[in-house]
Amino acid sequence: MIRRDYLIVGAGVGGASVCEGIREHDKKGTVMLVGAESFPPYHRPLLLKSQLAKNPQPIEKIAALSLEWFHKHHIDLRLDTLVTQINLERHLAVLEAEPELGFSFANLVRTEDGKVLPGTQFDLVPRLRELPTRPSRGGKAQVIQMDPFAALGPCPDLPGWMQASLYRRAVMEGCMSKQGIRPAEDLYLILQIYARGMPTAFIDEVLVEVRRHGKNSYTNSDQIREAVLRTLHLVDTDIALSPEQRAILHRRIGDEYLRRGWRHFWSHDADRARQYYRDALAWPGTKLSAWTHLAMLPLLPVLPRREPAF
Ligand SMILES: Cc1cc2nc3c(=O)[nH]c(=O)nc-3n(C[C@H](O)[C@H](O)[C@H](O)COP(=O)(O)OP(=O)(O)OC[C@H]3O[C@@H](n4cnc5c(N)ncnc54)[C@H](O)[C@@H]3O)c2cc1C
């Protein structure tokens, strides 16, 4: 049990002022300020103006008191923490802290040219349903109970559902986007974020409607897969990964070549199928499929054609 002389619930301007008041009269008493938000107390009325400006201001610019102030005055500031119970007679409070969620992504209805497409984004990514999760503190999201790189990095459907995500600012700091890889640029960014290991959650309710059109849409699936493959290689060369993460990434690269080989095999493009299956063999992963299909190439003329599954 943690003991404090003063517990202040709510890290808004009011809470900050109480801290100042206490320190005016009591320099030594132990103080804890608990706030459900991720930021130290800020001036709420200035929020809209500062965030909707052409060049949004960092939240520190509208802070009521800086983090340094709390540190200097020995005030135990607990952010992202909720006080769920208070028993005044016994001087007890229960605090609940959500692990620092790195980001969450929302389930989306998909529409194209005004038409609603069947299924939500979660229906398109069965892997999400298989991941071990627990309800979030508020009960509105499912927190993935795995390292996000291991959980989501291997998922080949990634770029499709990255259109509505909420990132904690601290997770984004230092992350890069990349020009020239338009359809998969989210993947470049998101793999960097996964690599930081911050807990991830998904919101299992339909929140947003997304419409892809014009420059925002893909002209064909080859275009997406080319960009995905190039992006994965760029992540491999550009981003600092742990050995475990790199092993996952290399397997994913092998899988991407395999999928490409499969696609060209069943559309009877023997040269490209051969090229991609050979590429797949250079990476870790299931090699059996690549060898089997390479051995079957001479049989292509008598095999049926199949529609690509992606
Ligand atoms: C859009 C908007 C515009 C405004 N404009 C003006 C203006 O122009 N001029 C003006 O004077 N006032 C304005 N106000 C009002 C002003 O923002 C409030 O009066 C002021 O923020 C109140 O401060 P507070 O610290 O008491 O509460 P809040 O700022 O509401 O802070 C309370 C904090 O406590 C946290 N909290 C609540 N319950 C718990 C719990 N159980 N555990 C942990 N944390 C908890 C909340 O998450 C919140 O961060 C505006 C408010 C809004 C929303």
Side-chain angles (χ1 to χ4, degrees), residues 1-106 133-145 164-173 193 198-205 207-208:
M1 190 192 301
I2 308 169
R3 290 180 183 279
R4 295 285 183 273
D5 297 325
Y6 305 91
L7 171 69
I8 303 139
V9 182
V13 164
S17 305
V18 173
C19 290
E20 279 184 310
I22 291 171
R23 278 298 175 248
E24 268 179 35
H25 300 283
D26 181 354
K27 305 274 184 231
K28 295 221 171 96
T30 52
V31 183
M32 181 188 276
L33 174 62
V34 183
E37 295 184 62
S38 307
F39 308 102
Y42 57 86
H43 294 284
R44 212 181 279 286
L46 302 179
L47 190 63
L48 274 182
K49 202 171 155 202
S50 78
Q51 295 307 302
L52 296 181
K54 208 169 178 190
N55 299 311
Q57 301 283 306
I59 206 102
E60 289 80 16
K61 293 263 181 202
I62 57 166
L65 292 172
S66 66
L67 283 175
E68 289 74 40
W69 187 91
F70 288 101
H71 186 69
K72 191 174 152 202
H73 291 86
H74 304 288
I75 288 173
D76 183 359
L77 175 63
R78 302 281 172 114
L79 300 174
D80 287 314
T81 305
L82 199 65
V83 174
T84 54
Q85 292 173 46
I86 293 186
N87 185 323
L88 288 176
E89 279 170 16
R90 296 178 61 205
H91 291 223
L92 277 178
V94 177
L95 312 188
E96 238 183 67
E98 188 74 76
E100 280 260 314
L101 274 185
F103 75 98
S104 51
F105 47 94
T133 58
R134 63 162 177 80
S136 67
R137 185 176 68 195
K140 288 188 182 143
Q142 291 293 317
V143 181
I144 296 172
Q145 287 188 291
S165 324
L166 304 168
Y167 303 91
R168 200 171 281 274
R169 191 184 59 158
V171 178
M172 297 288 292
E173 272 164 12
I193 292 167
M198 298 285 280
T200 297
F202 58 80
I203 303 165
D204 196 5
E205 63 183 296
L207 289 182
V208 193

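All ligand and atom numbering here is 1-based and tracks the order in the structure.
At least one protein heavy atom sits closer than 4.0 Å to atom 43 (C) of ligand 1. Contact annotation for atom 6 (C) of ligand 1: protein present (non-hydrogen atoms, distance under 4.0 Å). Per-atom contact check: atom 48 (C) of ligand 1 touches the protein, criterion being a heavy-atom distance below 4.0 Å. There is no protein heavy atom less than 4.0 angstrom from atom 20 (C) of ligand 1. Within 4.0 Å of atom 53 (C) of ligand 1, at least one protein heavy atom is present. In this structure, atom 15 (C) of ligand 1 has no protein heavy-atom contact shorter than 4.0 Å. Protein non-hydrogen atoms do not reach within 4.0 Å of atom 11 (O) of ligand 1. Distance remark: protein heavy atom not present below 4.0 angstrom from atom 27 (O) of ligand 1.
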side-chain contact (heavy atoms from CB on, under 4.5 Å) evaluation trace for V18 with Y6: CA-CA 10 Å; V18 173; Y6 305 91; over 6 Å; no
Stepwise, does the side-chain contact (heavy atoms from CB on, under 4.5 Å) test hold for H74 with K27? CA-CA 9 Å; H74 304 288; K27 305 274 184 231; over 6 Å; no
Checking H73 against L65 for the side-chain contact (heavy atoms from CB on, under 4.5 Å) test, could you report, in this order, the C-alpha distance in whole Å, the side-chain angles of both residues, the deciding distance, and whether it holds? CA-CA 11 Å; H73 291 86; L65 292 172; over 6 Å; no
side-chain contact (heavy atoms from CB on, under 4.5 Å), that's the test. Do C19 and W69 meet it? Break it down for me. CA-CA 10 Å; C19 290; W69 187 91; 4.0 Å; yes
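Screening D5, I8, I2 against M32 for a side chain to side chain contact (heavy atoms under 4.5 Å, CB included) leaves a single residue, I2. Shown are D80, D76, T81; of these, the side chain to side chain contact (heavy atoms under 4.5 Å, CB included) with V34 is made only by T81.
Under a 3.5 Å cut-off, the side chain of S50 and the backbone N or O of L48 do not form any donor-acceptor pair.
Taken to the nearest 0.5 Å, the OH atom of Y42 stands 12.5 Å off from the CD atom of E60. The distance from atom CZ of R78 to atom CZ of R4, rounded to the nearest 0.5 Å, is 6.0 Å. The CD atom of Q85 sits 10.5 Å away from the CG atom of L95 when rounded to the nearest 0.5 Å.
Taking atom 36 (N) of ligand 1 as the reference point, the nearest protein heavy-atom neighbour is G10 CA, 4.0 Å. What sits closest to atom 1 (C) of ligand 1 on the protein, heavy atoms only, is L48 CD1, 4.7 Å. Among protein heavy atoms, the minimum distance from atom 23 (O) of ligand 1 is reached at G14 N, 4.0 Å.
Scanning all heavy atoms of the two residues, the minimum distance from M172 to I193 falls at SD-CD1, 3.5 Å. Minimum interatomic distance between P41 and G12 (heavy atoms only, all atoms of both residues): CB-O, 3.4 Å. For the pair L79 and S38, the tightest heavy-atom approach, listed with the atom from each and the gap, is CD1-O, 3.4 Å. Contact detail for L33 and G10: the closest heavy-atom pair is CD1-O, 3.5 Å.
At least one N or O atom of V83 sits closer than 3.5 Å to an N or O atom of ligand 1. Taking distance alone, with nitrogen or oxygen atoms compared against 3.5 Å, P45 stays at or beyond that limit from ligand 1. Remark: ligand 1 and G35 share no N or O pair separated by less than 3.5 Å (distance only, no angle test).
Those atoms of ligand 1 with a heavy atom of R44 less than 4.0 angstrom away are 17 (O), 21 (O), 28 (P), 29 (O), 30 (O), 31 (O), 48 (C), 49 (O), 53 (C). Interface atoms of ligand 1 facing V13, defined by a heavy-atom separation under 4.0 Å, are 25 (O). Within the listing of ligand 1, atoms 40 (C), 42 (N), 43 (C) sit less than 4.0 angstrom from a heavy atom of L82. Annotation for ligand 1: atoms under 4.0 Å from non-hydrogen atoms of A11 are 33 (C), 34 (O). Under a 4.0 Å criterion applied to the non-hydrogen atoms of G12, ligand 1 contributes the atoms 25 (O), 31 (O), 33 (C). Per-residue contacts place E37 under 4.0 angstrom from the following atoms of ligand 1 (heavy atoms of the residue considered): 47 (O), 48 (C), 49 (O).
Under a 4.0 Å heavy-atom criterion, T81 is in contact with ligand 1.
Contacts of A16 with ligand 1, taken as heavy-atom pairs under 4.0 Å, are absent altogether.
Residue nearest to atom 40 (C) of ligand 1, selected from V18, V9, D80: V9 (by heavy-atom distance).
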